[in-house]
Amino acid sequence: MSEDLNFVQRARREKLDALVAQGVSPFAYSFDRTHTTVDALRLHPADQHEEGDTVRVAGRIVAWRAHGKTTFAHLADDSGRIQLYFRRDQLGDATYAKLDMFDIGDVIGVGGPLFRTRTGEVTVRAVDVELLAKSLRPLPFGKEEVVDGVTVRHSGFADAEQRYRQRYADLAVHPEVRLLFRARSTMIRALRGSLDELGYLEVETPVLQPVYGGATARPFMTHHNALDTTLYLRIADELYLKRLVVGGLDRVYEIGHDFRNEGIDRTHNPEFTMLEFYEAYADYSVMMTRVENLVVCAAAAVGAVWAPPEIEGAVEHGSGGVPQLRPPFPRIQWVQSLNDALGADAMGLGDEALRNAARQIGVQKVETLSRPKVLDEMFQALVESKLHDPTFVVDYPVELSPLAKPKRGDPTLTERFELFARGKELANAFSELNDPIDQRRRFEAQARLRAAGDEEASGVDEDYLRAMEYGMPPMGGVGIGIDRLFMYLTNTPNIRDVILFPILRPE
RNA sequence: GACCCGGUAGCUCAGCUGGUAGAGCAACGGACUUUUAAUCCGUAGGUCGCGGGUUCGAGACCCGCCCGGGUCACCA
């Protein structure tokens, strides 16, 4: 293996050996730090020019400027970075000589008083220095300069594939990427807080399921050895959460991963994060208010901690910042908006006329699609893709919504809505079907499709029907794609940039 | 899946109509006690994605393949 090391790695191994030979342990157990770099900087007031408090800071060496008997460096931690100043007369010959064994990327701890350099930068005058972890592989740090107050980054880490594969290196080198993922966590925490405040209970339901359902998608399959049975990774949480409402947990939610064995592109990762929540005695109009409030709350949370990076050469996440949301969001009827866009009564068209209309607006392979699918495609092309600001689309045709209740007063429609923004679906919700007899019919229709070769169709979930037969309260349910919501709020076009470890082809 | 762009040093990239591999940063040696893309002098570092072909000669041209990015399609 050592023959594979490049010359940079070999040089670092040699330094490691030299340190060990001098009795320095290159991988420490702990370091007693008193301040983060940003806290240390704040400790030293702008008007203070004499030496200040003593601090102990720890982090990664990100820049190194040796000048013979004196050395400047920058140390970065999660909060930011601070300059270090080493002097031979301060540290002594032996300690100062050890600095030669340090490299950019090493994790070190430094103690000493704060002072302000000639150029005004708050700096730690190192009195003691300790190696905490030797970096044996060079991190692709770029160099930074400040031009007219704007940080400009030179020759950094640009290879998108390597940034995803080695997210640890991407994060180590790009503070703006750390900030983005912190904002994602902040958003999820805010969503949890909102639901908790409404009396929702956070629960965990099975990822491994004997029967999959709750959405239309091809599943991942696996096998349990002891039971000698096929299990599926869930494609949705829905049916288990609704079982819990049967059990008397009136308001439940779950934030977790769903798995869909389908294509990978800039808006699809096979494993993605879904928030689903169900509320007994609420219908879809109540849930619309809930979604609106949650999205506004998510936007506020993200906006409070995140803005597009102002570093030239930074990893890009679109522009414009977090959108300003002005609830209530517009609500448009599915049928009406399709008819308006088409200039005809889509639902009233005969099969051939409908297919011709679909072809004309550019729907591909119309002849292979079922009638509901054709309608859905037309709606996507004519309406969805043009919804830029958050908009609720309400009252979907019954053919498109196998788990929703029929609309009161119009059985051709269902009480369902989806929320769209920037042409992408952010949420999907309905007044949940709670009639077990109707549900069995719909399951059986799915099972027939499956028998006919439709891999996306699920089977009959007898246990779920049993739960429903005990009596399922009316309820509203919502699914929100967390990755998509965060992409929308940060204007990030690629889902891989909001997932820490996106799926890639194995190396 | 279709089309477009790309794969050259650890990183970011250049390499013209084919002539035998370049820069900056990082690394290594040296000088330097307030620098900040530090500076200066020197050194080393390459299976040019892989496999064929054309040619006296291929990083470059041709064919095939692999990998990545983008666009479109599919996957609500």
Side-chain angles (χ1 to χ4, degrees), chain A residues 4-12 14-15 62-74 81-91 96 100 103-105 115-121 123 125 135-147 151-166 169 173 215-218 235 260-270 312-313 362-365 368-370 372-381 384-385 393 396 400-402 416 418 420 424-425 428 455-456 479 481 484 493-494 496 504-507:
Chain A
D4 294 342
L5 298 181
N6 66 46
F7 59 98
V8 180
Q9 290 170 306
R10 275 200 301 272
R12 293 193 173 197
E14 282 161 17
K15 290 179 186 175
V62 296
W64 191 261
R65 298 177 293 281
H67 303 74
K69 298 181 187 65
T70 185
T71 296
F72 285 93
H74 271 94
R81 50 194 273 168
I82 194 166
Q83 184 167 251
L84 307 177
Y85 181 46
F86 303 94
R87 295 170 59 109
R88 191 165 79 174
D89 56 10
Q90 174 100 57
L91 288 166
Y96 193 80
D100 282 343
D103 287 295
I104 288 177
F115 74 106
R116 202 174 287 278
T117 62
R118 197 178 284 164
T119 56
E121 180 165 354
T123 300
R125 185 195 309 277
S135 168
L136 296 176
R137 185 183 288 271
L139 277 164
F141 278 109
K143 292 205 166 193
E144 292 181 357
E145 67 173 328
V146 178
V147 180
T151 300
V152 178
R153 195 176 281 162
H154 299 273
S155 67
F157 186 29
D159 185 311
E161 181 187 0
Q162 295 310 320
R163 287 187 41 236
Y164 299 137
R165 278 196 198 284
Q166 301 185 39
V173 162
T216 313
R218 291 164 65 188
I235 59 172
R260 297 188 182 173
N261 203 341
E262 288 168 351
I264 300 171
D265 64 24
R266 67 201 172 290
T267 58
H268 295 84
N269 195 61
E312 198 175 302
V363 176
Q364 307 282 310
K365 294 187 233 163
T368 68
L369 304 175
S370 62
K373 192 80 190 156
V374 172
L375 286 164
D376 192 33
E377 290 289 332
M378 292 174 74
F379 188 81
Q380 276 184 40
E384 276 182 25
S385 59
V393 174
Y396 280 62
L400 295 178
S401 308
R416 174 185 181 190
E418 293 195 319
F420 290 92
K424 295 281 186 292
E425 176 193 337
N428 180 21
E455 287 182 81
E456 292 192 349
R484 297 266 182 97
N494 195 324
R496 285 176 168 173
L504 300 170
R505 191 179 297 274
E507 279 185 276

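Throughout, a chain's letter reflects where its sequence line sits, starting with A, and its residues are numbered from 1.
There is no side-chain donor-acceptor pair under 3.5 Å between A/Tyr85 and A/Gln90.
Counting non-hydrogen atoms under 4.0 angstrom, A/Arg505 reaches the backbone sugars and phosphates but no base. Across all strands shown, A/Arg260 has no heavy atoms under 4.0 Å from either base or sugar-phosphate atoms. Counting non-hydrogen atoms under 4.0 angstrom, A/Lys424 reaches nothing in the nucleic acid. Contact annotation for A/Asn261: no contact, since no heavy-atom pair falls under 4.0 Å across all strands. Nucleic acid contact for A/Gln83: base, since at least one base atom lies under 4.0 Å from a heavy atom of the residue. If you check every strand for non-hydrogen atoms under 4.0 Å, A/Leu504 touches nothing. Counting any heavy atom pair closer than 4.0 Å across all strands shown, A/Glu121 reaches a base atom. Nucleic acid contact class of A/Phe379 (heavy atoms, under 4.0 Å, all strands): none.
The side chain of A/Arg266 places no N or O atom within less than 4.0 Å of a non-bridging phosphate oxygen (OP1 or OP2) of B/G68.
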B/S/- contact track for nucleotides 3-10 of chain B, protein heavy atom under 4.0 Å: -------B
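The partner of B/G68 is B/C5, judged by Watson-Crick or G-U wobble contacts that both fall below 3.5 Å. B/U33 makes up no base pair with any nucleotide shown, lacking Watson-Crick or G-U wobble contacts both under 3.5 Å. Across the strands present, B/U55 finds no partner; the criterion is a Watson-Crick or G-U wobble pair with both atom distances under 3.5 angstrom.
Interface remark: the A/Asp265 side chain does form a donor-acceptor pair with the B/C74 base, using a distance-only criterion of under 3.5 Å. Looking at A/Thr70, its side chain has no donor and acceptor atom pair within 3.5 Å of the base of B/U34. A donor-acceptor contact under 3.5 Å is not formed by the side chain of A/Arg118 with the base of B/U34. Side-chain to base pairing of A/Asp159 with B/U12: no donor and acceptor N or O lie closer than 3.5 Å to each other. For a distance-only test at 3.5 Å, the side chain of A/Arg88 fails to qualify as a donor-acceptor partner of the base of B/U33.
Between A/Trp64 and A/Phe86, the ring planes lie tilted relative to each other; the angle falls in the 30° to 60° range.
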Return the polar atom pairs (N/O with N/O) between nucleotides 22-25 of chain B and the protein under 3.5 Å, or none.
unit_1: B/C25; atom_1: O3'; unit_2: A/Lys143; atom_2: NZ; d: 3.0

